[in-house]
Structures are given as structure tokens and as C-alpha cells.
Amino acid sequence: MSADLDEHTHDLMIRFLLGELSEAERIAIEQRFLADGDFFDKLLAIESSLLDDYLAGRLSATQMQRVEELFESSLAQRRDREQTRELIAELRQARHEKVTAAEPIVTPAPTVDDVHSRANPEVADVPVVRPAWNIVRIFAWRNGLAPTLAVLVVLLIFGWLVSRMIILNSKKRDSEQQRLALEHGNQELQKTLDLEAQRNDKLARQLEAEKEQRARAEDLLAQSQARRPGEIATVILSPIIFERGTSPKVVTLKPRATQFQFLLKFDPDQRFEQYNLELTTFDGARIWSKEHVGASQAKRGQITLTLPASLLTYEDYRIELRGLSANGTSVHVADYAFKIRK
Amino acid sequence: MEFNSDQREFDRLFRLLEPDFDSLEGSFRRFRSKLLKFFAWRHCEDPENLADDTIARLLKNVRAGQEISASNPYSYVYAIATNVFKEYIRSKKKRGITTDIEDLKDLPLPVVEPDCHRECLAQLSREKIELLERYYLDDEDRNQIAREYGLSLNALRLQVYRIKLELRKCWDDCRRRRDKLRN
């Protein structure tokens with residue numbers, strides 16, 4: 001999985017999490033993170049990073065407030081925030097314990113080297129220390145302290161300069177490579193986004209066309225299969241009104257078919273974007289339901305509903321048709337009734 | 001319509017939604033986590049309940065014969081989740097409930113004991129601990145840290161996020177073990 005993210009997408013994600021996107025932009029991001037696992041992971045990482053910046057006080061006042069709202073909105077979000085806080089505290093504590101537990105370095109007391117002092121009587125006894133320092137000490141004793149220090153300083157400066165040059169060159173190369181990679185990544189991502197947008201439009205159009213074709217095919221199938229006795233029983237049901245004290249006329253079915261196809265008639269002026277269907281007994285027991293039936297399947301004031309005969313037993317049944325308005329309200333459209341007598 | 005192949009249907013459904021996972025459990029967890037974040041990022045008070053409600057409706061509709069498009073399975077999930085969200089908002093308005101953030105602050109959070117923190121941190125590799133220390137404790141520019149690790153800034157964020165996930169899982173396991181011992 002590529003972890004690269006172009007600036008535009010990164011900015012969109014931040015604004016999404018802070019609730020700063022338009023409705024259409026927000027829907028696009030939501031649909032994308034549901035369908036695209038990589039995108040979802042990146043969004044989670046951005047959210048985590050936003051929380052880190054919030055806890056470190058690195059955000060603007062407006063951003064701080066929005067992030068606080070985000071992480072106060074539910075128990076789950078608060079838990080994430082508190083766990084990150086506790087992690088930082090634990091890291092701090094662990095580091096502090098490491099530092100205080102470090103023991104000071106104790107240099108062992110030097111011992112006299114009798115041979116050395118005998119060989120160079122004019123030189124005071126040279127204490128024998130760790131082997132690593134011998135060269136420096138001998139040089140210092142032979143040539144004096146000042147030149148020794150000067151040489152050491154020169155060597156240190158030289159070493160430092162060389163290492164700085166190497167690091168700078170390496171950083172320069174890395175920066176250049178990253179910049180090129182980022183540019184390339186940006187272009188690729190833009191192309192991908194454009195292609196996806198085109199594909200989405202095309203898919204939406206195809207879906208609509210397929211739904212219409214399916215509705216037409218179902219109608220044709222109903223007509224042809226009705227000629228074959230014993231397989232599908234087609235029943236036309238008209239809306240019925242249940243009123244106290246009346247016995248509405250109800251269709252009685254004695255099926256030998258394996259499937260029932262109900263053609264539910266309703267007022268064609270009652271048009272909705274989506275419909276819900278629910279099949280219950282007269283006692284109110286729910287047998288079956290279907291939601292989000294599209295308007296393309298409800299044509300000319302008729303919806304076709306196919307059910308297996310095995311679903312229905314010796315009972316009185318009711319079908320309720322409800323429409324979903326644009327603001328999400330569910331509206332009663334019609335009731336239908338039938339009896340099964342096997 | 002058959003009702004005797006639920007398990008196979010669910011398996012097929014979740015593998016369609018999350019094909020990158022080897023097990024049904026893995027696919028389901030990933031799917032649920034997406035829904036959880038969908039509701040959390042819409043500032044719902046109880047995103048877990050709403051996510052579970054969405055899953056229940058999806059399964060019911062699939063069992064009732066609803067076909068899910070293989071090319072874009074999440075479009076149907078999105079429609080259900082949006083409806084669940086709308087009903088949640090309507091229900092809140094109807095009951096006259098307004099959520100005050102101050103009220104949520106009083107709700108107790110599950111506690112992770114300090115020992116669990118320590119234990120889980122100790123289980124991380126030295127490199128991961130060093131990364132976390134530099135990221136959280138040192139006042140370094142994060143771009144600089146990323147460069148030194150040979151990463152882009154976003155890759156660094158992803159790395160830190162994954163380490164946090166690893167710790168979170170460890171904390172949950174540790175807490176469960178200790179709860180069991182107490183009980």
C-alpha cells in the first residue's frame with residue numbers, strides 16, 4: 001500500500017474531520033473511505049495525527065475547538081483521546097526512569113608503571129591507565145600538553161566537517177528524490193481521481209438502465225409464466241381500506257403454485273423516490289419486508305412483488321406499501337389483503 | 001427463497017465487502033470499524049450501536065433477497081447507514097434530546113491500568129519505542145524525523161498510528177486478562 005498523499009487530498013481529509021466540507025464533498029469522502037481500504041487507513045492516520053497535534057497544542061484556536069468536539073462526541077472517541085494521553089505520559093515516565101537509573105562512570109584509580117619510570121628517569125611516573133589513552137598521554141608527555149590539545153582539536157574539527165559534508169550531501173540527494181517521487185505521485189493520483197469520477201458517473205447511469213430493464217423483464221416474465229399452470233400464480237391486488245365494522249373484500253388464494261406474483265396497484269399520483277413493503281398477518285406478525293424499492297420498479301401505479309409459496313401458510317395476510325419522501329419521512333401509500341386457504 | 005444458508009450468505013457478503021481479509025471474522029471486524037467511524041465522524045453519541053443497527057438491517061435485507069452489486073457493494077451499505085443516521089436524528093428531535101458535551105464528560109471511560117501500559121510498552125521493539133519518543137516527547141520537526149527514517153510525513157503518521165493500534169490491542173487484552181483474574 002502506498003502511504004503517499006498529495007496535499008489536496010490531505011487538506012480534504014483534515015477539513016472532513018474538522019467538519020468543514022460542503023455536503024457533497026463530505027458524501028464523496030464518506031463513500032470513498034467505506035469502499036477504499038487504503039483511503040480509510042490514511043484517514044485514520046490523519047485523525048490520529050490531528051489528535052497528537054491537539055494534545056501538543058499545535059493547532060489554531062478554531063481547529064482546537066473542532067478537534068475537541070470530535071473527540072468529545074462519543075465514548076469511543078474520548079477513549080481514543082485518553083489512551084493517547086496516557087501513552088504520552090507513560091513514554092515520559094519511562095524515559096525519566098531510564099535517565100535516573102543511569103549510573104555515573106567511575107574511572108579506576110591509576111597504577112604506577114615501574115618499567116616506564118625506570119626507562120625515563122626525568123619523566124615523572126606515568127600512571128598506567130586504560131590502553132586507549134596511552135598514545136595521547138605518551139605524546140603529551142613527550143611534546144607538551146598544548147600541542148597535544150591543538151592536534152586533538154584540529155582532528156576533531158576535521159572529523160566534524162567531513163561528517164557534516166557527508167550528511168548534507170546525503171540529505172540533499174534524499175530531498176531531491178522525495179520531491180521527484182512526490183511530483184510523480186501527485187500526477188498519478190490526479191489521473192486516478194479523474195478516472196474514478198468518470199467511472200462513477202458511468203456506473204450510476206448503467207445501474208439506472210439495468211433497474212429499468214429488470215422491471216420490464218419482470219413484467220414480461222409474469223405474463224409468460226402465468227401461462228404455465230402450477231408454477232407462478234399471478235394476483236392483482238387493489239388497495240383496500242380497513243374500517244371498523246366493515247369486512248373488506250379479500251382475495252382468497254388456493255395455490256398449487258410454487259411462487260406468488262402480486263401486482264400491487266396504487267394511485268400513480270403518489271410518487272416517491274423509494275418504497276418500502278411489509279407483509280404481516282392480520283395479527284400483526286411480520287413475515288417479510290423489503291426496503292428501498294426504487295421508483296423505477298414502481299411504474300404506472302403498479303409494483304410487482306414475488307414471494308415463494310412456502311412463505312405463506314393458512315392465514316390472512318396484509319401488505320403495506322409505504323413511500324419514502326425526499327426528507328426521509330415514511331408515508332403510508334396503500335394496504336392490500338389476501339387469504340391463503342390450502 | 002431459502003433461509004437455511006445464512007452462514008454462507010454472510011460469508012459471501014462480508015468477503016464481497018472486504019475481500020482483503022483471510023477470515024470471515026477479519027472481514028467483519030474491518031467492515032464494522034468503517035461503519036463505527038462513519039457514525040463517529042458524524043458526531044453520533046453511540047456510533048457502536050448505530051453501526052450494529054446498520055449491519056442488522058443489511059443482513060436482514062440480504063436474507064430477504066436483496067442483491068448487492070459486486071462492482072460497488074458499499075453503495076448499498078452507504079444508503080442503509082444514511083437512513084439509520086437520519087432516523088437517529090429524527091428520533092433525537094422527537095424525544096427532545098439535545099446532547100450536551102458536558103454530560104458525556106461524566107460518563108466513565110474504561111480504565112487501562114498503569115501496569116498494562118508499562119507491560120505493553122515493554123513489548124514493543126526498541127526501534128518503535130524510539131520512534132514514539134521522538135515523535136511525542138522531543139520537540140523535533142516531524143518532517144525532519146520522517147526524513148531521517150526515510151519516510152514521507154504521511155508514512156510516518158501511518159507508522160505511528162499502527163504502533164498505537166498495536167498498543168491499543170495489547171491494552172484491551174491485558175485489561176481483559178486482569179478482569180478475569182479478579183473475577
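All values below come from the heavy atoms of this structure, side chains included, with hydrogens, waters and symmetry mates left out.
Taking the side chain as every heavy atom from C-beta outward, A/Lys290 and B/Asn61 never approach each other to under 4.5 Å. Counting heavy atoms from C-beta on, the side chains of B/Arg42 and A/Arg26 come closer than 4.5 Å. Between A/Ile27 and B/Tyr78 there is a side-chain heavy-atom pair separated by less than 4.5 Å.
The contact between B/Leu151 and chain A is made entirely by backbone atoms, counting heavy-atom distances below 4.5 Å. If you measure heavy-atom distances from B/Leu132 to chain A, the contacts under 4.5 Å come from both the backbone and the side chain. For a residue to count as touching a neighbouring chain, one of its non-hydrogen atoms must lie under 4.5 Å from one of that chain's; by this rule A/Ser330 does not touch chain B. Of the two parts of B/Tyr76, only the side chain, counted from C-beta on, holds a non-hydrogen atom closer than 4.5 Å to a non-hydrogen atom of chain A. The part of B/Asn83 that comes within reach of chain A is its side chain, from C-beta onward, which places non-hydrogen atoms under 4.5 angstrom from that chain. If you measure heavy-atom distances from A/Arg58 to chain B, the contacts under 4.5 Å come from the side chain alone. Within the 4.5 angstrom heavy-atom criterion, no atom of B/Gln159 approaches chain A. In this structure, chain A has heavy atoms under 4.5 Å from both the backbone and the side chain of B/Ser33. Interface remark: B/Cys44 contributes backbone atoms only to the contact with chain A (heavy atom separation under 4.5 Å).
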Worked check of side-chain contact (heavy atoms from CB on, under 4.5 Å) between A/Ser49 and B/Tyr135: CA-CA 10 Å; A/Ser49 162; B/Tyr135 188 86; 4.1 Å; yes

Apply the test side-chain contact (heavy atoms from CB on, under 4.5 Å) to residues B/Glu48 and A/Ser74: give CA-CA distance (whole Å), side-chain angles for both, the deciding distance (0.1 Å), then the verdict. CA-CA 10 Å; B/Glu48 298 194 5; A/Ser74 66; over 6 Å; no

Before giving the answer on side-chain contact (heavy atoms from CB on, under 4.5 Å), spell out for B/Arg118 and A/Gln93 the whole-Å C-alpha distance, their side-chain angles and the decisive distance to 0.1 Å. CA-CA 10 Å; B/Arg118 196 146 301 179; A/Gln93 176 68 20; 3.7 Å; yes

Stepwise side-chain contact (heavy atoms from CB on, under 4.5 Å) test for B/Ser71 and A/Leu203: CA-CA 9 Å; B/Ser71 59; A/Leu203 280 172; 4.3 Å; yes

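Closest non-hydrogen pair, A/Asp80 versus B/Lys37, comes out as OD2-NZ, 3.7 Å. In terms of heavy atoms, A/Leu34 sits closest to B/Lys34 at O-NZ, 2.8 Å. Between B/Leu158 and A/Ala45, the shortest heavy-atom contact is CD1-CB, 3.4 Å. Between A/Ile46 and B/Arg157, the shortest heavy-atom contact is CD1-NH1, 3.8 Å. Closest heavy-atom contact between B/Tyr74 and A/Ala35: CD1-CA, 3.7 Å. Across B/Tyr161 and A/Ser48, no two heavy atoms sit closer than the pair CD1-CB, 3.6 Å.
The NE2 atom of A/His292 sits 5.5 Å away from atom CD1 of B/Ile80, with the distance rounded to the nearest 0.5 Å. The NZ atom of B/Lys86 lies 9.5 Å from the OG1 atom of A/Thr329; values are rounded to the nearest 0.5 Å. With rounding to the nearest 0.5 angstrom, the CG atom of A/Leu207 is 9.0 Å from the CG atom of B/Asn72. To the nearest 0.5 angstrom, A/Gln31 atom CD is 8.0 Å from B/Ser75 atom OG. Note that the NE2 atom of B/His117 and the CD atom of A/Glu86 stand 3.5 Å from one another [nearest 0.5 Å]. Between the CD atom in A/Glu291 and the NZ atom in B/Lys60 there is a gap of 5.5 Å [rounded to 0.5 Å].
Taking the side-chain contact (heavy atoms from CB on, under 4.5 Å) definition, one finds that B/Asp141 meets it with B/Asn143, B/Gln144, sequence neighbours left out.
In summary, A/Asp41 and B/Arg30 engage in a salt bridge, as defined by a charged side-chain N under 4.0 Å from a carboxylate O. In summary, A/Asp52 and B/Arg142 do not engage in a salt bridge, as defined by a charged side-chain N under 4.0 Å from a carboxylate O.
Counting only residues at least two apart or on different chains, the salt bridge (Lys or Arg N to Asp or Glu O under 4.0 Å) pairs with a member in residues 168-177 of chain A are A/Glu176-A/Arg179.
Using modelled atom types, no side-chain atom of A/Arg95 and backbone atom of B/Leu137 make a donor-acceptor pair closer than 3.5 Å.
Atom CD of A/Glu273 has 12 or fewer neighbouring heavy atoms from other residues, nucleotides or ligands inside a 6.0 Å radius.
B/Phe38 and A/Phe33 have tilted rings, their planes meeting at an angle from 30° to 60° on a 0 to 90° scale.
Between the side chains of A/Glu47 and B/Trp41, at least one donor-acceptor pair of N or O atoms lies under 3.5 Å.
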